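Since the structure comes first, as structure tokens, the remarks are kept for the end.
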Amino acid sequence: SRGLGDVYKRQILFTYEVKKYSEQFFSLDNKWSNFCAILVITFPVWPSLNSVNLALYVFCFYLALVGHRLFFSKNFFVKLIALLLILFSFSIKSNLAFVIGLSFIHVLKNYFEKKILILNNFLILITLSLAAYIVDINYFPPSGFYSGYNQIKINEIDIFLIAKSFYNFCTFFIFYLWIPIIFLFLIKLKNINFQIKNVFIDSNYILIFLIFCASVAPYCLLGRYTDLFYFSEYTGRHAYLVSISFGLFFAILFKNIAKNYFNKKYMYIFMSILVIQNLLILSIGQYSKIESAIFKHDFVKKIKKLNIQEGKVLIINKSIIIDSHEINYLFYNCLLYT
């Protein structure tokens, strides 16, 4: 459909901007930035991207990335447009932390490479983010049914829940690490002079970890999370930004291996295995999405035959796969088309 086409266009725009970001801020050449883009576009969380409202998340993340990239232009008008794009991206509140994280990472990148500390742009962006947050909570707070929604309360922060949330986001990396580990083990067996430590001596890993933290911090503070094998249609949106650090990490990891190991055939085999694992998990998510759609269609069809009165529906079940809002919407469809 046309709407679904627009959703995928936004995903492609987001992926392209991650590629540009990897080239500008991590100095990846075309080959490695393309590999990063492949990992992003095959990231297993995308099956949840099935509606225009969820595509808004991806589009706002795209605005944050492109705005951040353009902000470092020397042209004043380009910088002004960049600030407007970043401001528009704050429609998704997690971008408030994400933009600050990107800016801080740029400061560290300059310090690691040039041993100079440039804070002007960082201070501008952190001021913009804080000002947007203050205006939002004071003049545009959630009201009615959504009163208090997505608002962090210091006295309600649960350290154990934050740790649990952080771990669940880490599963997007943990279940892929077997691929480079086996590859490095085989290299070491064939070449005892190969120094594995050289693969990991790279300050870029610190920067990627900080990107990951900036991506998940708002969700962890609220106790919200998803993991690699949780195929809910809505919680997947919490991990859209994780695709950036995922693509950058494995692209730079294999790039560093390539610097120290010259048998490209074996390297490409393991890079392919990484992409294939992405596609396999992605296909499971797509199957789950199709199965859910069939269930909902059949559910509406059968409920239409019953005499259902108006009112709210609440289903209490620990293993339920559909939340109460969606249940109410399905019953609304039943009544609407009866």
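Because the structure is a prediction, the values reported are computed rather than measured.
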Checklist entry - For His238 and Phe169, what are the C-alpha separation, side-chain angles and deciding distance, and is it a ring pair (Phe, Tyr, Trp, His ring centres under 6.0 Å)? => result CA-CA 9 Å; His238 302 329; Phe169 283 116; 7.2 Å; no
Checklist entry - Phe43 and Phe246: ring pair (Phe, Tyr, Trp, His ring centres under 6.0 Å), yes or no, with the steps? => result CA-CA 8 Å; Phe43 194 57; Phe246 178 87; 5.1 Å; yes
Checklist entry - Please walk me through it: do Leu184 and Phe200 pass side chain to side chain contact (heavy atoms under 4.5 Å, CB included)? => result CA-CA 11 Å; Leu184 290 170; Phe200 296 100; 3.8 Å; yes
Item to check | From CA spacing to verdict: side chain to side chain contact (heavy atoms under 4.5 Å, CB included), Ile257, Phe270 | outcome: CA-CA 11 Å; Ile257 292 175; Phe270 279 88; over 6 Å; no
Checklist entry - Given Phe90 and Tyr133, is the ring pair (Phe, Tyr, Trp, His ring centres under 6.0 Å) satisfied, shown in steps? => result CA-CA 9 Å; Phe90 291 157; Tyr133 176 73; over 10 Å; no
Checklist entry - Would Lys109 and Asn204 satisfy side chain to side chain donor-acceptor pair (under 3.5 Å), going step by step from the backbone distance to the final call? => result CA-CA 8 Å; Lys109 182 76 171 174; Asn204 284 323; 2.8 Å; yes
Next on the checklist: Please determine whether side chain to side chain contact (heavy atoms under 4.5 Å, CB included) holds for the pair Thr127 and Leu130, giving the CA-CA distance in whole Å, both sets of side-chain angles, and the decisive distance to 0.1 Å.
Outcome noted: CA-CA 5 Å; Thr127 301; Leu130 290 175; over 6 Å; no
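Summarising the geometry, atom CG belonging to Leu228 is positioned 5.5 Å from atom CZ belonging to Phe172; distances are rounded to the nearest 0.5 Å. The CD1 atom of Ile38 sits 11.0 Å away from the OG1 atom of Thr15 when rounded to the nearest 0.5 Å. With rounding to the nearest 0.5 angstrom, the CE atom of Met271 is 11.5 Å from the CD1 atom of Ile179. Here Thr171 contributes atom OG1 and Phe229 contributes atom CZ; the two are 7.5 Å apart, rounded to the nearest 0.5 Å. Here CD1 of Ile162 is found 11.0 Å from CZ of Phe166. Values are rounded to the nearest 0.5 Å. Taking OG of Ser245 as the reference point, atom CZ of Phe173 lies at 3.5 Å (rounded to 0.5 Å).
Ring centroids of Phe212 and Phe249 are separated by 6.0 Å or more, keeping the two rings apart. Tyr62 and Phe14 have their aromatic ring centers separated by at least 6.0 angstrom.
Without hydrogens or angle criteria, Trp46 side chain to Val40 main chain gives a donor-acceptor distance under 3.5 Å. With hydrogens and angles ignored, the 3.5 Å screen pairs a side-chain donor or acceptor of Asn138 with a backbone N or O of Ile134. Of the possible donor and acceptor atoms, one in the side chain of Gln277 sits under 3.5 Å from a partner among the backbone N and O of Phe175. Between the side chain of Asn260 and the main chain of Val199, no donor-acceptor pair closer than 3.5 Å is present.
No donor-acceptor contact under 3.5 angstrom links the side chains of Ser165 and Tyr219, judged on distance only. In summary, the side chains of Tyr205 and Asn256 do present a donor paired with an acceptor at a separation below 3.5 Å, with no hydrogens or angles considered. Using a 3.5 Å distance cut-off with no hydrogens or angles, the side chains of Lys259 and Asn198 do not pair a donor with an acceptor. Asn278 and Tyr176 form a side-chain donor-acceptor contact under 3.5 Å, judged by distance and modelled atom types alone. Judged by distance alone, the side chains of Asn30 and Lys19 do bring a donor and an acceptor atom under 3.5 Å apart.
Considering every non-hydrogen atom in both Leu161 and Gly223, the closest pair reads CD2-CA, 3.5 Å. The shortest non-hydrogen separation linking Ala251 to Leu39 is N-CD1, 4.3 Å. Nearest approach of Val99 to Ser129, heavy atoms of both residues: CG1-OG, 4.1 Å. Of all heavy-atom pairs spanning Gly67 and Leu85, the tightest one is CA-CB, 4.2 Å. Between Gly101 and Ala214, the closest heavy-atom pair is CA-CB, 3.8 Å. Taking each heavy atom of Ser91 and Cys60 in turn, the nearest pair found is CB-SG, 3.9 Å.
No side-chain heavy atom of Ile100 sits less than 4.5 Å from a side-chain heavy atom of Leu125. The shortest distance between side-chain heavy atoms of Ile244 and Ser215 does not fall below 4.5 Å. Two residues are said to be in side-chain contact when any heavy atoms from C-beta on lie closer than 4.5 Å; Asn168 and Thr226 fail this criterion. Taking 4.5 Å as the limit, some side-chain heavy atom of Phe254 sits within range of a side-chain heavy atom of Phe183. Contact check for Tyr240 versus Arg237: side-chain heavy atoms found under the 4.5 Å cut-off. Residues Asn121 and Lys79 form a side-chain contact, since some pair of their non-hydrogen atoms from C-beta on lies under 4.5 Å apart. When side chains are defined from C-beta on, Phe35 counts as touching Leu274, because their heavy atoms get closer than 4.5 Å. Inter-residue side-chain proximity for Ile208 and Phe26 is flagged as met; some heavy-atom pair is nearer than 4.5 Å.
The cluster map of Ile, Leu, Val, Met, Phe, Trp and Tyr, joined by side-chain heavy atoms under 4.5 Å apart, puts Phe112 and Val107 in the same cluster. Both Phe209 and Leu28 are members of a single hydrophobic cluster when ILVMFWY side chains are connected at heavy-atom separations under 4.5 Å. The cluster map of Ile, Leu, Val, Met, Phe, Trp and Tyr, joined by side-chain heavy atoms under 4.5 Å apart, puts Leu207 and Leu119 in the same cluster. When the side chains of ILVMFWY residues are joined at heavy-atom separations under 4.5 Å, either directly or via intervening members, Phe88 and Phe77 end up in two distinct hydrophobic clusters. Ile276 and Ile269 are not part of a single hydrophobic cluster, where members link through side-chain heavy atoms under 4.5 Å apart.
Other residues, nucleotides and ligands contribute only 12 or fewer heavy atoms inside 6.0 Å of the NZ atom of Lys164. By the 6.0 Å contact criterion, NZ on Lys264 is enclosed, its count of non-hydrogen atoms from other residues, nucleotides or ligands being greater than 12.
With Ile86 as the fixed residue, the side chain to side chain contact (heavy atoms under 4.5 Å, CB included) test singles out one of Leu65, Leu63, Leu128, Leu70: Leu128. Among the candidates Phe72, Phe122, Phe71, Tyr21, the single residue satisfying the ring-ring contact (aromatic ring centres under 6.0 Å, His included) test with His106 is Phe72.
Ring planes of Phe25 and His68: tilted class, angle from 30 to 60°.
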